[in-house]
Amino acid sequence: MENGGRRKVVLATVQFACSDSESENVDTAERLIRAAHQKGANIVLIQELFEGYYFCQAQREDFFRRARPYKGNPTILRMQTLAKELGVVIPVSFFEEANNAHYNSVAMIDADGTDLGLYRKSHIPDGPGYQEKYYFNYGDTGFKVFSTKFAKIGVAICWDQWFPEAARSMVLQGAEILMYPTAIGSEPQDAGLDSREHWKRVMQGHAGANLVPLVASNRIGTETIQTEHGDSVIKFYGNSFIAGPTGEMAVLANDKDEDVLVAEFDLDKIKSQRHGWGVFRDRRPDLYKVLLTLDGQKSSS
């Protein structure tokens, strides 16, 4: 919002435990978005694939029935109505069916309820408990920046957050805020592996390297999915957070409680800092061709 010649924006992230009931989860998301609005939020991030359990723990044909087409999706339509009522921006994560293709997608809903378009997850993980390559095609939208009422937003999804190229690409396109809806927790194959601090530090690095605020939303709770090898269990660790433009932790949730976090930023002040710091002025894209290779040597062309 405009305030004394400055563009100040209040960002929010929410986290909650999902049931496997779509109606219950969408009701919970709406309740928490309303709570964020009561705290002054202009932009509210919901966690990845919040309509149900994180089904990618198993490779099951029946789970493809959870996918829906982008146009006419009832959850997106409901969030459009809510966004217009409250005057808030809402990125909406969903399992997309597009003819014979499937994507892990986000629709960006502006504060007047307008659907600004779609981002499809670019990087698709494949490992124990996180078998997304079975369900999702690689995203074909490229990295997107959406011009909303309050700010230009770059949104990417979960595994995308481990790639600095994605964050930089969005900020190069003008993103003033980075947002990452997420589903991450314990590793079924290694009970001793806890990635939460690594997960936070990597994204804080994206904020600091690009001098933009960053918002991450992750679920909590324990979810059990039946697989052909028995039950698979993930305990999601929450830790949803908002980082500032130097990578500082502005607000942080814990690993077990439902929460709504908000933080205010002056986007014009941050813009001046970003320009003055020189990291975009001093870039050398002529030296970065190695990024177009897989092995650091051979051209991909």
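It should be emphasised that the depicted structure is a prediction, and the values quoted were computed from it without experimental measurement.
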- Could you list the residues that satisfy side-chain contact (heavy atoms from CB on, under 4.5 Å) with Arg283, not counting sequence neighbours? Arg168, Leu172, Phe280, Pro285, Tyr288
- Message: So, using side-chain contact (heavy atoms from CB on, under 4.5 Å) as the criterion, who are the partners of Asp126 when residues are at least two apart?
- Response: Gln131, Lys133
- Item | Arg66 NZ/CZ over Phe95 ring centroid, <6.0 Å and within 45° of normal | no
Would you be so kind as to tabulate the donor-acceptor pairs closer than 3.5 Å made by side chains of residues 178-186, with sequence neighbours excluded?
residue	atom	partner	partner atom	Å
Thr182	OG1	Gln161	OE1	3.0
Thr182	OG1	Tyr180	O	3.2
Ser186	OG	Lys235	N	2.9

- Query: At what distance, to the nearest 0.5 angstrom, does CD of Glu264 lie from NZ of Lys39?
  - Reply: 14.5 Å
- Message: Go through it in stages, so that I can follow the logic: the residues are Arg7 and Asp268, the test is salt bridge (Lys or Arg N to Asp or Glu O under 4.0 Å), and I'd like the CA-CA distance, side-chain angles, deciding distance and then a yes or no.
- Response: CA-CA 6 Å; Arg7 285 191 306 131; Asp268 284 338; 3.3 Å; yes
- Where the side chain of Asn25 meets the backbone of Ser19, is there a donor-acceptor pair that is under 3.5 Å apart? yes
- Task: Just jot down the side chain to side chain donor-acceptor pair (under 3.5 Å) partners of Glu85, sequence neighbours excluded, or say none.
- Result: Arg34
- Query: Does the side chain of Arg31 come within less than 4.5 Å of Glu258's, by heavy atoms?
  - Reply: yes
- Taking the inter-plane angle between the rings of Trp159 and Trp162 on a 0 to 90° scale, is it parallel (under 30°), tilted (30 to 60°) or perpendicular (over 60°)? tilted
- Note on the structure: The side chain to side chain donor-acceptor pair (under 3.5 Å) partners of Ser122 (sequence neighbours excluded) come to Tyr119
- Task: Please answer: with hydrophobic residues joined when any side-chain heavy atoms are less than 4.5 Å apart, are Phe150 and Val155 in the same cluster?
- Result: yes
- Query: Looking only at heavy atoms, what is the nearest atom pair of Gly113 and Gln80, with distance?
  - Reply: O-NE2, 2.8 Å
- Set of residues satisfying side-chain contact (heavy atoms from CB on, under 4.5 Å) with respect to Trp277, sequence neighbours excluded: Leu211, Val279
- Ring center gap for Phe55 and Phe64 short of 6.0 angstrom: no
- Closest non-hydrogen contact found for Ala207 with Leu214 is CB-CB, 3.9 Å
- Query: Step by step, would you call Asp160 with Lys121 a salt bridge (Lys or Arg N to Asp or Glu O under 4.0 Å)?
  - Reply: CA-CA 7 Å; Asp160 288 331; Lys121 187 173 182 176; over 6 Å; no
- Query: Do Tyr237 and Asn218 touch side chain to side chain, with heavy atoms closer than 4.5 Å?
  - Reply: yes
- Qualifying residues under side chain to side chain donor-acceptor pair (under 3.5 Å), relative to Thr28, sequence neighbours excluded: none
- Message: Can a donor-acceptor pair be found, under 3.5 Å and without considering hydrogens, that links the side chain of Ser217 to the backbone of Gln47?
- Response: yes
- By the rule that ILVMFWY residues connect when side-chain heavy atoms come within less than 4.5 angstrom, directly or transitively, which residues belong alongside Met79? Val14, Phe16, Val26, Leu32, Ile33, Val44, Ile46, Phe50, Tyr70, Ile76, Leu82, Leu86, Val88, Ile90, Val92, Phe94, Ile109, Leu118, Val260
- Item | Test item: Ile177 and Phe265 side chains (from C-beta on) under 4.5 Å apart, heavy atoms | no
- Message: Tell me whether the count of non-hydrogen atoms from other residues, nucleotides or ligands lying under 6.0 Å of CD in Gln226 goes above 12.
- Response: no
- Task: For Asn99, look at atom CG and say whether over 12 heavy atoms of other residues, nucleotides or ligands are found less than 6.0 Å away.
- Result: no
- Query: Considering residues at least two apart in sequence or located in another chain, which fulfil the side-chain contact (heavy atoms from CB on, under 4.5 Å) criterion with Asp259?
  - Reply: Gln15, Ala253, Leu261
- Query: Taking all atoms of both residues into account, what is the closest heavy-atom pair of Ala166 and His123, and its distance?
  - Reply: CB-CE1, 4.4 Å
- side-chain hydrogen bond (donor to acceptor under 3.5 Å, both in side chains): which pairs involve residues 243-255, sequence neighbours left out? Arg196-Asp255, Thr246-Glu248, Asn254-Asp257
- Task: Please write out which residues are connected to Leu193 in a hydrophobic cluster, directly or through intermediates, given that two of Ile, Leu, Val, Met, Phe, Trp, Tyr count as joined at side-chain heavy-atom separations below 4.5 angstrom.
- Result: none
- Decide if atom CD of Glu61 counts as having more than 12 heavy atoms of other residues, nucleotides or ligands within a radius under 6.0 Å. no
- Partners passing side chain to side chain donor-acceptor pair (under 3.5 Å) against Glu187 (at least two apart in sequence or in another chain): none
- Query: After noting the C-alpha distance and the side-chain angles of Glu96 and Asn73, does the key distance pass the side-chain hydrogen bond (donor to acceptor under 3.5 Å, both in side chains) rule?
  - Reply: CA-CA 9 Å; Glu96 180 192 1; Asn73 184 299; over 6 Å; no
